[in-house]
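Worksheet: the structure to be examined is printed underneath.
Both counts, for ligands and for their atoms, begin at 1 and track the order of listing. No hydrogens, no waters, no symmetry mates; every other heavy atom, side chains included, goes into these values. Please read these numbers as outputs of a predicted model, since none were measured by experiment.
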Amino acid sequence: MTRLKMLTRRAATVFLLLLAYTCAVAAQQLKLDYRLAMSQPSSHLFEVKIEVEIPRDAKPESLDFQMAKWSPGRYAVFDFAKNVQEFHARGGVCPRVEMTCTLPDFPVTRVDDSTWRVSMMNTHSATITYKVFGNDLSGTFSQLDARHANYNGGSIFMYVVNHKQDPVKLEIDAPKGWRIVNGRTDRPGQREWRFPNWDVMIDTSTEIAPDWTIDTFKVDGKSYHVVVHSFGNEGAKRPALVREIEKIVRAETAMWGPPDFDAYTFLIHFANDGRSGDGMEHLTSTQIIQSGMLADASTFADTLDTVAHEFFHVWNVKRLRPIELGPWDFTRPANTRGLWIAEGITNYYGHLMQRRAGIWNDKRLYDALAGQISEVDNAPGSRLMSAEESSLSAPFIDDAPHAQETNLQNTSISYYPKGEILGVVLDLLLRGRTQGKASLDEVMRRMYDEFYLKSPNATYYLRGRGYRNEDFERVVSEVAGADMSDFFKRHVRGVETPPYEEAFAQVGLRFIREARSPVTVGIGGDESEKTNFKIATVRLNSPAADAGIQEGDVITLFGGVRLNPGNLQRTVGRYKPGDQVPIVLLRGGKIMRMTLTMGPPLLFNFRIEEMPNASPEAKALRAAWLSGR
Ligand SMILES: [Zn+2]
Ligand SMILES: [Zn+2]
C-alpha cells in the first residue's frame, strides 16, 4: 500500500465521521433568531445579533457561522466577510423581558476567511453578535447612512453551516421615525418576520427610512406595491411611473398567467448620484437603483426598462430556474450553463414586453434588438465564447473586480445580449415554422408548468425543481414539432452567427447590416488622452494586432498624418483593404516604425425595418408577436 492510499483511507474515515456528526446536527433544526439594529447610521455599521438554540438531544462541540462569498443574482465573488468586524459569542440567550443581561464569553476561532467557529461549551444556546460595514446602494451590497438603511441580506446575515434550511426569525430595530418595508411586509409598522429558511430571508431586500413613499395597485386579485425612495427631484412623475409599471405587470402576467404570490413590491431608489445603478430580482420583490432622478425623462424610461426585465424574473430564474440556482453553496461561485436563458431571454422579453405594454412603439423595439445584435456581432469574444460558456464565465464577467489585467474584452461576450438575440431568433423561427401555432412564449410557459408548478419539490429551498439546458432544448423541439438540436449545437454550444435574416423575414422584417467604415485597423483610443492618440485596446485578429501594436503605444504619424484623438476615422477612411500604411509610434519613450496592412471591415451597424411588400401571413405573425395575442 502506498502512502497515497493510506492517506485516502484515513481521509475517508475522518470524512465518514464528520458526515455522521454533521447529519446528526443537521437533522435537527436549530432555533435561530436574528436581530438587526442600526444605532449609529452615520457609522455605516449594521449590528447583527443571532440567538441560537440547539435541541436538547444534540450536542455539537461547536457551530460554524459563515458569511457568503457571493449572493444570488450577481455571480461574481465579493467575499462579504471582508466587511465583518467585532464578532463575539456568548453562552446562553438573554430573556426577552430583560434586554441586557450578562452572559459568559464563549471561545471563537476564525477557521477561514469566511467562517467563525463558536465552541458551545456543552450548552444548548448562544448569542452571537457582530457588525457589518455597508455603504453601497446596490442590488448586492448594503447601505446604512444618515438617510436610510437598504440591505441585501446575503451581505449582512451569516448562516449556520449545515442549517441554511432551518426556519429563521428576524426582528429589526430601526432608528426612531424610520419605517421598514420589504417584499414580505403584510401589515403597517411590521418589524418582525418569519422565513422558512435563510435563503428566503436573504432574498428579501429591505428598506428602512423615514421618507419613502408607497403606491399600490391590483392586477387579477394580486397586490403590487411601488415603494420609492428619491434622493432627487421627482417632477411629480410618480403617478405616471406607477401607471406604466401596472401596464408592464399586465403585459407579463398576460403571457405567463397568475404569478405564485399574493403581493409583490417594486423597491425603487432614485440615487441622483450619477453612479449607482442596479436591478435585482427576488421572489416577491425587486430592488432597483437608478443613478438619476425621477424627474429626468431618460431615468423614467430606464426605470421602466429595468422594471420590465426584473418583473419577468418572477417566473424566469426565480421560480423556473437552472438546476444549479438554488439551494446554493455560498463558499464558491455558482456555475450554470443556463444564464443565457435565465438572463438573456429575460432581457429579450424585458424589451418585447415594453412594446406589448404599449410603452414602446414598433421602431423602438426594432432599434433595441438591433442594438443587442450590434453588441454581440461586433464583439470579437462572441466568435470565441458560446452562450453556454458565457453563462459558466459569469463569475468573471458579471461586474467582477479584476486585480490583474485580463483579455476578456477580446475573449468574452455577455450572456445578456447573447441570450437575448438567441431568444428573438428562436421565437421568430418557431413562429414562422409553425405558421404562428408555436412561439417562445409557449416554450417558457411549458417550462414553468413542468419544472415549477408540476414537479415535486426537489429540495427544501423552493417549489419544483431546476432544469438542465438539455431540458430546455427538448421543450423547444416539442413546441416546434421538429428536432431543433442543430440550432443548439451551432448557436448555443457553438459560436456560429444566428440566422438573423431568416428569422426576421418570418415576420416581414428586413435585417440590414452595413459596414461602419470601409476598412479596419482594430485600435481603440484612450479617451482620457486629449492631445495624443494613445491606444487603449487592440482588437484580436485585426491589422493592428498583426502588425504588433500594443496597448499603451502612442501613434504619432499614420501614413504621414499626425494622429490625434479626433481624426482617426477621417485619416483611416482614405484607405482601402490591402493598402500598406507606414506608421510611427512611441513605445516607452522610443520611436518605432511599422507597416500596417489595412483590413476589411470588422465593425457593422444593424437596422431592422419593415418589408414594404411583406405577405399578409408575415404581417399577421408580426402582429401576434408584438401584441402577444
Ligand atoms: Zn432608501
Ligand atoms: Zn436579470
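Protein N/O/S atoms closer than 2.8 Å to the Zn ion (ligand 1): H148 ND1, E207 OE1, E207 OE2, H229 ND1, H269 NE2.
The aromatic rings of F311 and Y264 sit perpendicular, their planes meeting at an angle over 60°, well past the 30° parallel limit.
Annotation: cation-pi pair R463/Y452 present, NZ/CZ under 6.0 Å from the ring centroid and within 45° of its normal. With a 6.0 Å cutoff to the six-membered ring centre and a 45° limit on the axis angle, R147 counts as a cation-pi contact of F231.
Shown are D367, D305, D362; of these, the salt bridge (charged side-chain N to carboxylate O under 4.0 Å, His left out) with R355 is made only by D362. Test L426, V492, L429, I421 against P498 for side chain to side chain contact (heavy atoms under 4.5 Å, CB included) and you get one pass: I421.
At a cut-off of 3.5 Å, with distance as the only test, a side-chain donor of N152 or S205 sits close to an acceptor on the other residue.
Contact annotation: E343 places an N, O or S atom under 2.8 Å from the Zn ion (ligand 2).
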